[in-house]
Amino acid sequence: MSYNHQYDREVPYTGAYGPVSAPVSPASTTATYTCFPPDTPRLPRQPTEDNFQIEARAVANVGFADALEQTKPSPWTRRMWKLYFFLFVAFLNSCINGYDGTLMAGINVMKAYQSYFNMRTVGKETGLVFSIYTVGNIVGSFFCGPFTDWWGRRWGMFIGASIIIIGTCVQAPATSLGMFIAGRFILGFGVATCATAGPSYVAEMAHPAWRGTITGLYNTFWFVGGIPASWVLFGSNNLEGNISWRLPIWLQAVASGGVIMGSLLCPETPRWLIAHDRHEEAIQVLTEYHGEGNRNSAIVHLSYREMIEEIATEGSDKRWWDYRDLFNSRNAWWRNICVIGMALFSQWAGNGAVSYFLPVLLESLGIQSPKTQLLYQAILNVISFIMSTIGARFTDRLGRRPVLLIATGMFVVIWSAVTVLTAIYGKRSNTNQDGARAAISAIYLFGITYSFAYTPLQALYPVECLAYETRAKGMGMYNLFVNVAAFFNTYAIPIIWERVKWKFYFLYIAWDAFQWVLIYLFFVETKGRTLEEINEIFDSPNPRKKSLEKHIVVYTQDGLLEKAFD
């Protein structure tokens, strides 16, 4: 009797295959079993001299684990590098947002810019210039879903990047504050579409074996836009006249141009193709980029079958005006808690102050030179990019929930330290430079922790929590709430800071503690499943509990043998 990949019964893992040389506990992910050869009859179980070693692993989904075991995909093949190029084009959408986020923080402290538009580093006018970009993003959030659903993910990227170039052409040569503000509104509108189409494309095109890492890398490219912006600003600050702030704005069109040209070369995602009855094209894409050219690959069969089952069951949403499916069931509301929660938590953890107003925070600690402030910002962007890339690599190893819980708990401690240090050493009369440096170090520690934990998950987690038929609209909703939260960051922070200074940090301490509790109670774990398999989590009575269940699967040299439950 042979066991070749047959799941003929579910059994407890302890002793299921003969003597166990190492026990498996809920916290364990691997163990070594001593078992009989595959051709030994199941009964009677008598030990023989040719016993052999097999491995047991805790996995989230058995079918997915079996498909990966059969195909044993490699990330370094020619077809995978071709896929990486297409994903890189989508990553550029994140660069666009990162460039602007860093751009305005630097321009805001340039003397030539302030003189030309009669601006200050804080106040109502500054809040309006920053927040109008967010307003454009909020308005664009209602259009990005239909754009991405009607014409596809790649054409959604094309449309968004085209709008951004138009906005750049209005903002960069602006001769009045009204023209400058109009350009920023158009930029925000375009970014909304890019922020919906880009991560949707990456999550749907990435190979399932590395979806967490690859989709996590999407948001790390915020720093690939932010780092050049910070160093361009650092250099252009030495230029005389208005070119010092106009040049960095013109360079914003570079990443957008890359998206426009690259999206014309990208294939459409198989899920969108299936939803629009283009099944053969979908199979060809899956075969080429997930199956290494093998149409009979187990991962191709699994992916295609699950896509067909989901779209046949749920249908493809063709009603651009109808958002009811985002709210009309218990399943949908639990998804909303995760999606909207991630939108708000990723913006209000304290990163808004660090991302947009780091020079202002540094000024309160005695760093008065704009050039030195820009240098601090440039260095933090480089460090944050490195940490977010490392964090993306660990998303599939550590899981989503543990990373968010640990990081959010650290935020409470870090902001408490920043508050105390700023209160003591942030006074004009302070002569203790070591104390001021300690406060700056704590701010840097927050940026590093946030980059490792939250940056990779900002694009990955909401995409995973949304079903296909609502993914584009759901990401539009996610983008809406991100920008509602960002509006507070960009408009309210300058005004509040002008009045209460560092006491504003107390709000972050309280919010991060509240945020930790909600993550613990409601956020689900999504690692180790395909996008379609995540649906079974939200269909259960308690999605959080369901997501934490593990299956024990046993592997031999012949592949996956049998499964049990942990």
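For the side-chain hydrogen bond (donor to acceptor under 3.5 Å, both in side chains) condition, the pairs that include at least one residue of residues 475-487, sequence neighbours left out, are Asn137-Asn479, Asn137-Asn483, Ser141-Asn479, Asn479-Asn483. The salt bridge (Lys or Arg N to Asp or Glu O under 4.0 Å) analysis of residues 450-459, with sequence neighbours excluded, yields no pairs. Sorted pairs that involve residues 189-199 and meet salt bridge (Lys or Arg N to Asp or Glu O under 4.0 Å), not counting sequence neighbours, are lacking altogether.
Tyr454 and Ser388 are not linked by any side-chain donor-acceptor pair at a separation below 3.5 angstrom, with hydrogens and angles left out of the test. Residues Asn535 and Arg529 bring no donor and acceptor atom of their side chains to less than 3.5 Å of each other. Neither side chain, Tyr116 nor Asn242, offers a donor N or O lying under 3.5 Å from an acceptor on the other. Between the side chains of Glu268 and Trp272, no donor-acceptor pair of N or O atoms lies under 3.5 Å.
Each of Trp222, Tyr201, Phe221 was scored for a ring pair (Phe, Tyr, Trp, His ring centres under 6.0 Å) with Phe91, with one residue passing: Phe221.
Residues Ile308 and Arg305 are not in side-chain contact: their nearest non-hydrogen atoms beyond the backbone lie 4.5 Å or more apart. For the pair Glu533/Leu302, a side-chain contact is recorded, criterion being any heavy-atom separation below 4.5 Å from C-beta on.
For Glu525, there are no salt bridge (charged side-chain N to carboxylate O under 4.0 Å, His left out) partners two or more places apart in sequence or in a different chain. Every residue two or more places apart in sequence or in another chain that forms a ring-ring contact (aromatic ring centres under 6.0 Å, His included) with His207 is listed here: Trp210, His290. Under the rule for a ring-ring contact (aromatic ring centres under 6.0 Å, His included), the partners of Trp333 that lie at least two apart in sequence or sit in another chain are Phe327. For Tyr304, the side-chain hydrogen bond (donor to acceptor under 3.5 Å, both in side chains) test picks out His279, with sequence neighbours left out. With sequence neighbours left out, Glu204 forms a salt bridge (charged side-chain N to carboxylate O under 4.0 Å, His left out) with Arg153, Arg471. Scored by the salt bridge (charged side-chain N to carboxylate O under 4.0 Å, His left out) test, Glu281 finds Arg278 as partners (sequence neighbours excluded). Under the rule for a salt bridge (charged side-chain N to carboxylate O under 4.0 Å, His left out), Arg330 has no partner lying at least two apart in sequence or in another chain.
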Chi angles and distances behind the side-chain contact (heavy atoms from CB on, under 4.5 Å) call for Gln347, Val484 = CA-CA 9 Å; Gln347 296 301 311; Val484 168; over 6 Å; no
Under the salt bridge (charged side-chain N to carboxylate O under 4.0 Å, His left out) criterion, do Glu464 and Arg211 qualify, and how do the steps go?
-> CA-CA 10 Å; Glu464 289 182 325; Arg211 187 190 73 245; 2.7 Å; yes
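A centroid separation of less than 6.0 Å is found between the aromatic rings of Tyr520 and Trp516. Here Tyr508 and Trp511 keep their ring centres 6.0 angstrom or further from each other. With ring centers used as reference points, Trp245 lies under 6.0 Å from Phe117.
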Donor-acceptor pairs are to be reported for all side-chain atoms of residues 167-185 against protein atoms at under 3.5 Å, with residues two or more places apart or in another chain.
| residue | atom | partner | partner atom | Å |
| --- | --- | --- | --- | --- |
| Thr168 | OG1 | Ile164 | O | 3.0 |
| Ser176 | OG | Met179 | N | 3.2 |
| Arg184 | NE | Val129 | O | 3.0 |
| Arg184 | NH1 | Asp100 | OD1 | 3.1 |
| Arg184 | NH2 | Asp100 | OD2 | 3.1 |

Donor-acceptor pairs under 3.5 angstrom involving side-chain atoms of residues 252-265: please list them, not counting sequence neighbours.
| residue | atom | partner | partner atom | Å |
| --- | --- | --- | --- | --- |
| Ser263 | OG | Val259 | O | 2.9 |
| Ser263 | OG | Ile260 | O | 3.1 |

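Checked by atom type and distance alone, the side chain of Arg335 pairs as donor or acceptor with a backbone atom of Cys465 at under 3.5 Å. Listed for the Thr395 side chain is a donor-acceptor partner under 3.5 Å among the backbone atoms of Gly212. A donor-acceptor distance shorter than 3.5 angstrom exists from the side chain of Asn336 to the backbone of Leu326, with no hydrogens or angles considered. A donor-acceptor pair under 3.5 Å is formed between the side chain of Arg401 and the backbone N or O of Phe523. Of the possible donor and acceptor atoms, one in the side chain of Asn219 sits under 3.5 Å from a partner among the backbone N and O of Thr455.
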